[in-house]
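The structure appears below as structure tokens.
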Amino acid sequence: MRNPQLTKNGELQHLLTLDGLPREILTAILDTAEPFTEVAEREVKKLPILRGKSIFNLFFENSTRTRTTFEIAAKRLSADVVNLNVSTSSTSKGESLLDTVDNLCAMQADMFVVRHAASGAPFLITQHLAANGRNDIHVINAGDGRHAHPTQGLLDMYTIRHYKQDFTQLTVAVVGDVLHSRVARSQISALTTLGVPEVRVIAPKTLLPAEVEKLGVRVFHDMREGLRDVDVVMMLRLQNERMSGALLPTPQEFYKVWGLTAEKLALAKSDAIVMHPGPMNRGVEIDSAVADGAQAVILPQVTFGIAVRMAVMSMLAA
Amino acid sequence: MKDLDAEALFLNLVEQMRGHVGPDTALVGIHTGGVWLAERLHKALALTQPLGSIDVSYYRDDFGTRAKLGKARRSDIPFNVDGAHVIIIDDVLYTGRTTRAALNELFDYGRPAKVELAVLVDRGSRELPIAPQYCAHSLPAPMPASQILELETDDNGQLTLRLIDA
């Protein structure tokens, strides 16, 4: 079966997941993003690439950073952006996801940016569009359930490339709640595709998916051991809202064992960078001194996220 | 284009521009040939404003059908555009659409006092009301659309013009 994200010419039609995307496409997205970082320095922070296109932000789950950066990215490309606050829209009156989509198509939508608590919801929309012959409409997954958050994975790769240049010489650690994290899945997929020779996953057994080794990672259950000599530390947010059952003791105890402190970070390479997709739980997965420290690149990640989302949108719809 | 000596045309262009530039004149080269030419002009005219460069791919009216994403370079305007005297530099002037795109992009950086255009060769076939203020050579008859005329450079910045039959 063809990758449902690609056209028959192998070009990006939708962005649903980084799984199965070839290295050339990931690299092309990062290369396309590069000149977009300069737009922020202009008096008029806009490029005319998506002039006249209508982009609908469909967020069925709360988000501030991701929705805002998607909105800024679309506006910097001169698109018209409509934000649907789905919790106060017709969905709350019982309208189905696909009926919502059909209505927005009737409003001449060119692109949907979708976040949904259910894994596969953006894919469902692409199948529905294809069944209706609407191959001119594009879908970007802005996070679905535990499945994927591809633009976060891409902006993380952009950040790593910016600070470390060559992926093929790196040891990268993904630390924390991998089980509930769509971000971790996108990160691991992108890191392995881009040729990072050692991807480590550091987490307690209760916060790891079954057979995580099959993703091509080395698993550590001891944070100190796992952080030794790494070039990049990618922290994950502890996702309390997605947890059911007693996977964890208290947040305080989690911090003691799994929180990133200066003392633990000292085990990584001296020029290691610290990343976090946000929102941070200070004093749970990361210590404030580290989050605000010289090795943290957490705010640059946000800025690069705009350029990366501009790149994806322009590659899909230009 | 055996008869077009790019280095001789370059010297001609320098002489045309010399009396019309001051130390504050800013040059902006259009990627890629225009940037090479602008680098040489900047040196020959002893200008003090840092040299600018723009990639107009995203401002083209045929973007999406022609431009390749991922191949665009970063635009760099290292001087204050507001009130500046700017000369846009391109190697070959053809339909005028690239110049139109460059003007639009330039104005996103500010409001220049004056903008001019300098090119090495005018190959004719204009599709927009655009004319160069400085032009080293105008072809006597428009070149056929099937042909591409482009500037090349070597490691020493030496310029040559190449004709490609597409």
Side-chain angles (χ1 to χ4, degrees), chain A residues 7 9-13 15 21-53 73-79 110-111 136 138 154 157-158 161-162 304 306-318, chain B residues 26 28-32 34-35 38 49-86 88 95-115 128:
Chain A
T7 66
N9 303 324
E11 287 167 340
L12 263 190
Q13 157 87 359
L15 182 65
L21 286 188
R23 186 185 294 193
E24 299 71 55
I25 287 191
L26 300 191
T27 305
I29 295 170
L30 302 185
D31 290 347
T32 302
E34 212 284 325
F36 289 153
T37 57
E38 183 269 342
V39 175
E41 293 155 29
R42 302 185 185 193
E43 188 166 303
V44 179
K45 295 173 183 51
K46 266 187 195 295
L47 294 172
I49 299 176
L50 297 185
R51 221 149 47 107
K53 306 275 187 195
K75 286 180 170 169
R76 291 213 176 141
L77 294 171
S78 309
D110 294 293
M111 189 186 292
D136 54 329
H138 308 275
L154 287 165
M157 297 309 112
Y158 188 95
R161 194 171 81 162
H162 178 85
F304 294 147
I306 297 172
V308 167
R309 288 174 175 128
M310 287 169 74
V312 171
M313 288 177 164
S314 54
M315 286 175 79
L316 294 180
Chain B
V28 175
I30 300 178
H31 275 293
T32 307
V35 174
Q49 281 280 18
L51 179 64
S53 63
I54 44 180
D55 186 316
V56 302
S57 308
Y58 297 129
Y59 286 77
R60 291 194 61 94
D61 47 39
D62 52 2
F63 179 77
T65 56
R66 184 177 180 277
K68 293 178 280 291
L69 277 157
K71 302 285 180 254
R73 278 134 305 196
R74 175 187 283 261
S75 293
D76 179 30
I77 304 293
F79 54 87
N80 186 4
V81 169
D82 284 318
H85 172 208
V86 179
I88 294 174
T95 61
R97 289 176 193 268
T98 300
T99 311
R100 197 278 312 172
L103 281 167
N104 280 27
E105 179 157 8
L106 185 65
F107 276 70
D108 280 353
Y109 289 88
R111 182 180 184 275
K114 180 176 172 181
V115 184
L128 293 173

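Computed from a prediction, not measured in an experiment: that's the story for all the values here. Naming convention: chains lettered A, B, ... in sequence-line order (proteins, then strands); numbering from 1 in each chain.
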Residue part contacting chain B, namely of K45(A), when any heavy atom lies under 4.5 Å: neither
Separation between CD of E38(A) and CG of D76(B), rounded to the nearest 0.5 Å: 7.0 Å
Heavy-atom check, side chain of D82(B) versus side chain of E43(A), under 4.5 Å: yes
A72(B) to P35(A) - nearest heavy-atom pair and separation: O-CG, 3.5 Å
side-chain contact (heavy atoms from CB on, under 4.5 Å), paired with Y58(B), selected from L77(A), L47(A), V39(A): L47(A)
Structural part of D55(B) lying under 4.5 Å from a heavy atom of chain A: neither
Heavy-atom check, side chain of R74(B) versus side chain of T37(A), under 4.5 Å: yes
Atom pair CZ (R42(A)) and CZ (F107(B)), whose distance is rounded to the nearest 0.5 Å: 14.0 Å
